[in-house]
Each structure stands twice: as structure tokens, then as C-alpha cells.
Visitor: 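Okay, handing you the structure first.
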Amino acid sequence: VENSEGEGIYTVGIDTTYPPFEFQKSGEYQGIDVELIKAIAENQGFEIQFRPMDFIGIIPALEEGELDLAIAGMSITEERKEVLDFSDPYFDAGLALVTTKDNTEINSLEDLDGKIIAVKSGTTGSKFVGENREKYGYRIAYFDDSPSMFLEVANGHAQALVEDYPVIAYAITTRNLELKTVEERLTGEQYGIAVLKGKHGELLEKINEGLQQLRDDGTYEEIVTKYIKS
Ligand code: GLN
């Protein structure tokens, strides 16, 4: 896509409903990822347009050239690095096991034998749960977005879910969900901004420079603390 001056506008994939990283409010995209990439685009002098989609659609859309980059709370993984290049890490996250507030039975994966665990398709959570299914003996229910997955457990249709801990913590405090995380973290992960492997070296360099600038001038801290109170 080009603007009126004939310069490129980069299409940015975001996960449709993933607060505090991306969400829509009063018709506007908001959240940490949205503000970070806007600020990077501004300090590096490029234009962007957002394209929201289910998380599972993002990597295929990058591969098909429908997206130029993605910032979607996407964890940097070795498997994804086979098809994507990532920016420097910009956020520490990882998976938490979640159940209902009143559940005293489920305190770890060991307690999930015969239970149903909800996951979001295409995520590190989905991969982790799939790889450990036989070991723990649960069944898996797949969802396309995080809010549906939260509801499934809140309604008692599934007994547990996995989600990135900053995301579930935010959902529990802002949406009054009757959910809680068990104490132990299942994984440690880091978010990166993704582009198609080998195709966007120059753009990735700008993104890294922009990110560093935001860290140096305090903008990064300002954006994060606007959404996540320490
Ligand atoms: N961080 C997880 C992943 O990269 C989940 C991302 C998301 O649901 N938007 O798979």
C-alpha cells in the first residue's frame, strides 16, 4: 500500500482482542503493542495501518505478504524463527495455568487428569498444552480468541486454561472474571515484533532503533505503566 506521496505504508497485524496489548475501544486501536508500534513508526518516519485478525492467521498472513509486520504479544520461539525474523525482545511474559476462583482442586498440571483445558489456537500455550497432553491426561478445547477461552472456564465448560500471565492478570482485574492463576509459571517467554524471514532487514533495523529510542527517552516505560500498574 502507498500513501499520497507514493511512500510505502506498512500493514501491521495485531491480535483482535488481546488487552492490554491490543484492543479496540471507541473505534480506536489501543494497548501497549499499538502504542509502541505507533511511536516506533513516528520516530523512524514510516507509516502504518493496522489489520486485526485472529492470532492463528498472523503468521500465514506474513508469509503471504498480506502483512509487513506483526506485533501481537507474539513470543519469540525457535520454531517461529524458521519463518520469521524478530525484533529485540520488548516484553517479558510466559504461560500461566488458570482456573476458577473457587476451584481448590487444581493447583498444577498434575491435577488435570480427565479435565478439559482451553487454549487459543496457534499460540505457545496451545503448543505447550498439546505437547503435554499424554503426560497429564487432559482433553483440549481450542478457541480462536482469548475472551471466548476465558468464558469457557468461567462458565465451567472447561476446568482450566493457559494464557500469557500479563494478559490473564489484566483480564481478571479489568473484567471481574471469576478466574485465578495458579502460582507456578509454566514457561518464560519474550515478545518480539515479527517480519517475514530474510525479507525486511531494513525495516527490522528501524524497528530496533525505534524501540531503543523509546526505552532511552522514557516513552516505553510510560506506555507500559499506562496499562499495567506495577
Ligand atoms: N504469546 C503467545 C504466543 O506468542 C500468545 C500470543 C497471543 O495470543 N496473541 O503464542
Side-chain angles (χ1 to χ4, degrees), residues 11-25 29-37 50-63 66-67 69-98 117-133 140-153 158 160-172 174-175 177 179 181 185-197 204 207 211 223-224 227-228:
T11 303
V12 179
I14 52 174
D15 188 356
T16 312
T17 47
Y18 209 53
F21 295 95
E22 46 243 46
F23 55 101
Q24 222 174 344
K25 201 172 165 189
Y29 297 121
Q30 300 192 4
I32 295 170
D33 285 356
V34 168
E35 293 202 28
L36 284 178
I37 197 65
F50 289 106
R51 181 158 320 161
M53 54 179 74
D54 287 337
F55 187 77
I56 195 167
I58 289 179
I59 295 175
L62 285 165
E63 291 181 301
E66 198 186 313
L67 296 176
L69 63 129
I71 182 162
M74 189 187 286
S75 303
I76 301 169
T77 69
E78 290 308 313
E79 189 185 9
R80 290 173 180 162
K81 278 190 195 165
E82 285 172 18
V83 291
L84 305 177
D85 288 326
F86 285 98
S87 70
D88 297 331
Y90 69 89
F91 201 88
D92 291 335
L95 298 171
L97 180 62
V98 180
I117 182 164
V119 299
K120 184 161 81 179
S121 300
T123 63
T124 49
S126 158
K127 183 158 191 267
F128 179 89
V129 165
E131 285 170 352
N132 287 286
R133 184 171 58 90
I140 308 172
Y142 291 91
F143 294 86
D144 287 336
D145 62 274
S146 291
S148 317
M149 174 174 78
F150 301 161
L151 273 185
E152 190 77 355
V153 177
L161 63 86
V162 292
E163 177 59 282
D164 293 17
Y165 57 77
V167 172
I168 190 64
Y170 186 86
I172 290 171
T174 60
R175 297 184 50 209
L177 293 169
L179 300 177
T181 56
R185 297 287 170 258
L186 304 176
T187 60
E189 301 177 11
Q190 290 186 307
Y191 293 165
I193 301 166
V195 297
L196 193 60
K197 191 180 173 81
L204 201 55
I207 289 172
L211 195 56
I223 291 173
V224 170
Y227 293 97
I228 298 177

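Just so it is clear, the values below take in all heavy atoms, side chains as well, and ignore hydrogens, waters and symmetry mates. We count ligands from 1, going down the list as the structure has it; atoms in each ligand are counted the same way.
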Visitor: Should Tyr191 and Ser75 count as side-chain neighbours, where that means a heavy-atom distance under 4.5 Å?
Guide: yes

Visitor: Supply the atom-to-atom distance Leu62 CG to Leu196 CG, rounded to the nearest 0.5 angstrom.
Guide: 6.5 Å

Visitor: Test of understanding: with side-chain contact (heavy atoms from CB on, under 4.5 Å), list the residues that count as partners of Glu79, not counting sequence neighbours.
Guide: Thr77, Lys127

Visitor: Quick one: do Tyr18 and Asp164 satisfy side-chain hydrogen bond (donor to acceptor under 3.5 Å, both in side chains)? Show the steps, please.
Guide: CA-CA 10 Å; Tyr18 209 53; Asp164 293 17; 3.3 Å; yes

Visitor: Protein N/O near ligand 1 N/O, under 3.5 Å, which pairs?
Guide:
{"from": "ligand 1", "atom 1": "1 (N)", "to": "Gly73", "atom 2": "O", "distance (Å)": "2.7"}
{"from": "ligand 1", "atom 1": "1 (N)", "to": "Ser75", "atom 2": "OG", "distance (Å)": "2.8"}
{"from": "ligand 1", "atom 1": "1 (N)", "to": "Asp164", "atom 2": "OD2", "distance (Å)": "2.6"}
{"from": "ligand 1", "atom 1": "4 (O)", "to": "Ser75", "atom 2": "N", "distance (Å)": "2.8"}
{"from": "ligand 1", "atom 1": "4 (O)", "to": "Ser75", "atom 2": "OG", "distance (Å)": "3.3"}
{"from": "ligand 1", "atom 1": "4 (O)", "to": "Arg80", "atom 2": "NH1", "distance (Å)": "2.7"}
{"from": "ligand 1", "atom 1": "8 (O)", "to": "Tyr18", "atom 2": "OH", "distance (Å)": "3.4"}
{"from": "ligand 1", "atom 1": "8 (O)", "to": "Lys120", "atom 2": "NZ", "distance (Å)": "2.8"}
{"from": "ligand 1", "atom 1": "9 (N)", "to": "Asp15", "atom 2": "OD2", "distance (Å)": "2.8"}
{"from": "ligand 1", "atom 1": "9 (N)", "to": "Ala72", "atom 2": "O", "distance (Å)": "2.9"}
{"from": "ligand 1", "atom 1": "10 (O)", "to": "Arg80", "atom 2": "NH1", "distance (Å)": "3.4"}
{"from": "ligand 1", "atom 1": "10 (O)", "to": "Arg80", "atom 2": "NH2", "distance (Å)": "2.8"}
{"from": "ligand 1", "atom 1": "10 (O)", "to": "Thr124", "atom 2": "N", "distance (Å)": "2.7"}
{"from": "ligand 1", "atom 1": "10 (O)", "to": "Thr124", "atom 2": "OG1", "distance (Å)": "3.4"}

Visitor: Mind checking what makes ring-ring contact (aromatic ring centres under 6.0 Å, His included) contact with Phe50, not counting sequence neighbours?
Guide: Tyr29

Visitor: Please identify each residue that fulfils salt bridge (Lys or Arg N to Asp or Glu O under 4.0 Å) with Glu82, with sequence neighbours left out.
Guide: none

